[in-house]
Amino acid sequence: MSFFENLKSKLTESFTSSLTRDEKFRNEYKLSEGEVIIDDSNADLAFAHVHSKLAQVEKAKGRTRNGNNPVQYAFPGKIFLTKHYLVFKDGFDETSCVMVLNISTIKRVERSPSNSYSFVLLVTLYSGTQILIQFVSLKHRSEKFCDQLKKLLRDNIPNAKRLKPFLDTCYSEYLIYKNVLRIEDTKPPMAGLGQQYRYPGNPSIHREKAKLRLWFEYFKDNGTNLSLVRNHTFYKLMRVGVPNRLRGEIWEYCSGSMYLRYENPGEYRKILQDHHGQTSQAIEEIEKDLKRSLPEYTAYQKAEGIQRLRNVLTAYSWKNPDVGYCQAMNIVVAGLLIYMTEEQAFWCLNNLCDIYVPGYYSKTMYGTLLDQKVFEAFVEERMPVLWEYIVEHDIQLSIVSLPWFLSLFFTSMPIEYAVRIMDLFFLNGPRSLFQVALAILKINAEDILQADDDGMFIAIMKNYFHTLGTKLHPNSSDPKMREITKFQELLVTAFKEFDVITDQVILQERSKHRKDVFQNIETFVKRTQIRHMPKTYNISDENLANIYDIFYQSIETHKISLGTGSSNMEFETFCQFMKKICDWAKPSESDADPSFRKQKSDFLKRLFNRWDSAKIGELTLNDVVEGLDTLLSQDLLESINYFYSLYDTDGDGQLEKDEVLQLSEGLLLLTDPWKTGKYVDLLTKQKLEDDIAEKLVKEKGEQIRTMEDINLPSGVTIEEEKYRSEQSERYLKAASNFLQRAFEYAKSVELDESINLIDLSDDDAEDTDVKEQKKKKFESIMANPALDPSHPKILDLATFRMIILADETYELFFSSTLKNSVHIDEAVETNNYRSKALRNMFDGILADGRRVAEQVRRRVDSVATRSSIGSSDTPTGLPSTSSQTAAREDKAEDVDDFTEDHEEQADLLKDDLLDIIDDNTSSSRSMEQKTLNDIPNIQTSNNDLIEFETD
């Protein structure tokens, strides 16, 4: 290998390094997914085809010995062994002899007599053809290869049983049966719609009989279908054109779909039967496009042709739900069905989408968009003058070229010419599309340079395609020149002038543009999906974009740019999503308790079920957005009502004992980060600010006269554990008080007194100890209102709201703490198990300390006022009696508003509310206004760090 060839191969390898050796191997030979290289070896292969001309001549002369066929040529190369195939490629140019042999076609394997220097196998196929394999490697490596082959032959015995029915579906076998073996009762196999409705084009003009004769001779010399050997003659015949009757079989052979059809007998029909009568969005789209699929062809104007097209598209939509049905897929399948049966077209469509043009028929059409960028790059490089003219006149090249690629030229040129492009496309892969498209522009370059806009450009192309069959030089003196058509000129230009457009060059260009194309697709999809989201009241557009990002980052199987994978969120993924944005859902030290983990899972399941609008066990992005919008409600009552409704599963507005206990567990779960001191709430923040202000007043109260005299001191030590303990104790007390009041103020349910809920009858057979235990158990149950079965109670919504509002901690939690615990404005780390919340919060006070300064000034002013009037009844730093009275009145008015329909509970609870207000100096109204954003920015004069006391 020369230096430049070596450099080229390394460069190509760098662009395809993401593929494994097995993946490259499968792509090259169009094998199915499960095929991997089990073993490989250098070998020389020779073929003795039973129906070849040489065999017939030798047979006529009686020169065959022991029934063996004469060997023709030997090809040096490399042989590979996979689970179902024996693959050989020559070492000369990798096109002189290529064989993909299904192991099921092997009838017998013998070891030929050889000397110590050679190791030879004689393989006999079902047709009588013999393959001589001489290994060119160490003997033990050859022995190992043979042992692997022997094992695979045994494993493939069940597959060999379906070989004969499969061969009966191949037209190449029919030609051999009819014309070589002279089997008179042989019937031609089922074929495409063209068998009944005639094939496109004039058979005499396209020389169908001559082509069929050439292919028949090739089959006799090189085998058929599953045992066909490709050589240079095969490539020549493909360029000349495949006869209509053989086109379906040759297409599926070249595409590798023949292997899929053989490996999966009956699967196509099974898919149709299993989904008969079912509907989907893809099927609805299919029905819209059926009558727009090559309507110029007679078969698609009749019910039979439409039904075949419907069956193939429907089956594929169920087979590959990620793709389902996409634009232009109906056109391509309609073209296939003219030459193929339904089953052949179905499997060919599989490999077409997966191997030949991946991403062309997808939700985002990323493959087509990427190849349009590649095509434009080729035009700019190969035809710079034309490209400059296109850019200068703002002509959109993709308007014309995109349908060429997407429909594989079926909608651009007459069908009889489009299928000739398909012959070469299935042989050479997608490079044929680029070569033909470039040739079209090259041939029409002079006319395009006269176009001023897109309309003229499109008209030029339409006119050219409609005249592909016209003679290029009708008046030439050379008879051969008079026969050349525009289409033949197109093929010559495509495959001679643009033969430099290789698979490697295409891969390089795709790699260059892939990132930008994918980014544009993701941006477009994101913008479109956000635009169609439901209206939100508590989430901004910027936060919607962040939710979108976190949502799809959580669903790892969904690829936005590729349009693959489900875009819905299952419960496990939902839990991971909530851990990223919610403080109370993140991992914590409490997760070490299995019961706590179960409570967290149960609460998340309640949220999941509530947000699942379609009740399908999955959440869409819209479901999550609507759920978060409700969870982030600014309205206190709405937040309380929503939490209550999560446990009122039957929607009757009443919670029974078990439901109340579950609700209390939910409260403990949601408040756990504040109960454990991982985060601090506004009450703790206020307490910390008050303590700082109190310290300043005690130390420098006499010196403070104006705001400028107040500076936050350095060296202040804060007992961090003290505030954590106080906050934890406050949340525990709130939980205890809630449960007690829930059953204290819950409504009693009248029961039939005749029902004996606890059997306390005396039984002479019972021991005295047993009776005593029953009595104690009954007394303990009757003393606990939550457990007393003789007086069941229910907690309605109004009572629940009153109990929440009676507790300052829970009222603050539902008014601000809960919604502040949901972070949708930024990505949140999920592994932060120990948060220095107090330290970070105090650092914020240092940087933003006007509020503390104002508290200090009020305290100083209050002391000065009391000194001037001789009064010391009101403690320093507490609101005046009038403000306390106003707070009581506000709270009492709130209670009255919530208890119009429940006067008895209101009367009982009002005294408790007033007691709580007496114990707490600030009202709930003032607490609602205390948020972190109320503190205006002020720069302190001291930048020293303040250290906390730690254990």
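Phe92 CZ: 12 or fewer foreign heavy atoms inside a 6.0 Å radius.
Test Arg514, Arg431, Arg510 against Asp371 for salt bridge (Lys or Arg N to Asp or Glu O under 4.0 Å) and you get one pass: Arg510.
For the residue pair Ser257 / Asn351, no side-chain donor-acceptor distance below 3.5 Å is found, with atom types taken as modelled. For the residue pair Thr95 / Asp93, a side-chain donor-acceptor distance below 3.5 Å is found, with atom types taken as modelled. For the residue pair Thr105 and Ser227, no side-chain donor N or O sits within less than 3.5 Å of a side-chain acceptor on the partner.
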Pair up each side-chain donor or acceptor in residues 143-150 with any protein partner under 3.5 Å, not counting sequence neighbours, and list the distances.
residue : atom : partner : partner atom : Å
Glu143  : OE2  : Arg111  : NH1          : 3.3
Glu143  : OE2  : Arg111  : NH2          : 3.4

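Relative ring orientation between Phe405 and Tyr360 is described as tilted, the plane-to-plane angle lying within the 30° to 60° band. The aromatic rings of His206 and Tyr417 stand perpendicular to each other, their planes meeting at an angle above 60°, with 30° marking the opposite boundary. Ring-plane geometry between His49 and Phe47 is classed as parallel, the angle between the planes falling under 30 degrees on a 0 to 90 degree scale with a further cut at 60.
Side-chain contact between Tyr253 and Arg230 is present, with heavy atoms from C-beta onward closer than 4.5 Å.
Taking the six-membered ring for Trp and the full ring otherwise, Tyr29 and Tyr85 have centroids separated by 6.0 Å or more.
Geometrically, Lys30 engages Tyr356 in a cation-pi contact defined by less than 6.0 Å to the ring centre and at most 45° from the axis.
Residues Cys353 and Tyr361 approach most closely at SG-CD1, 3.8 Å, considering heavy atoms.
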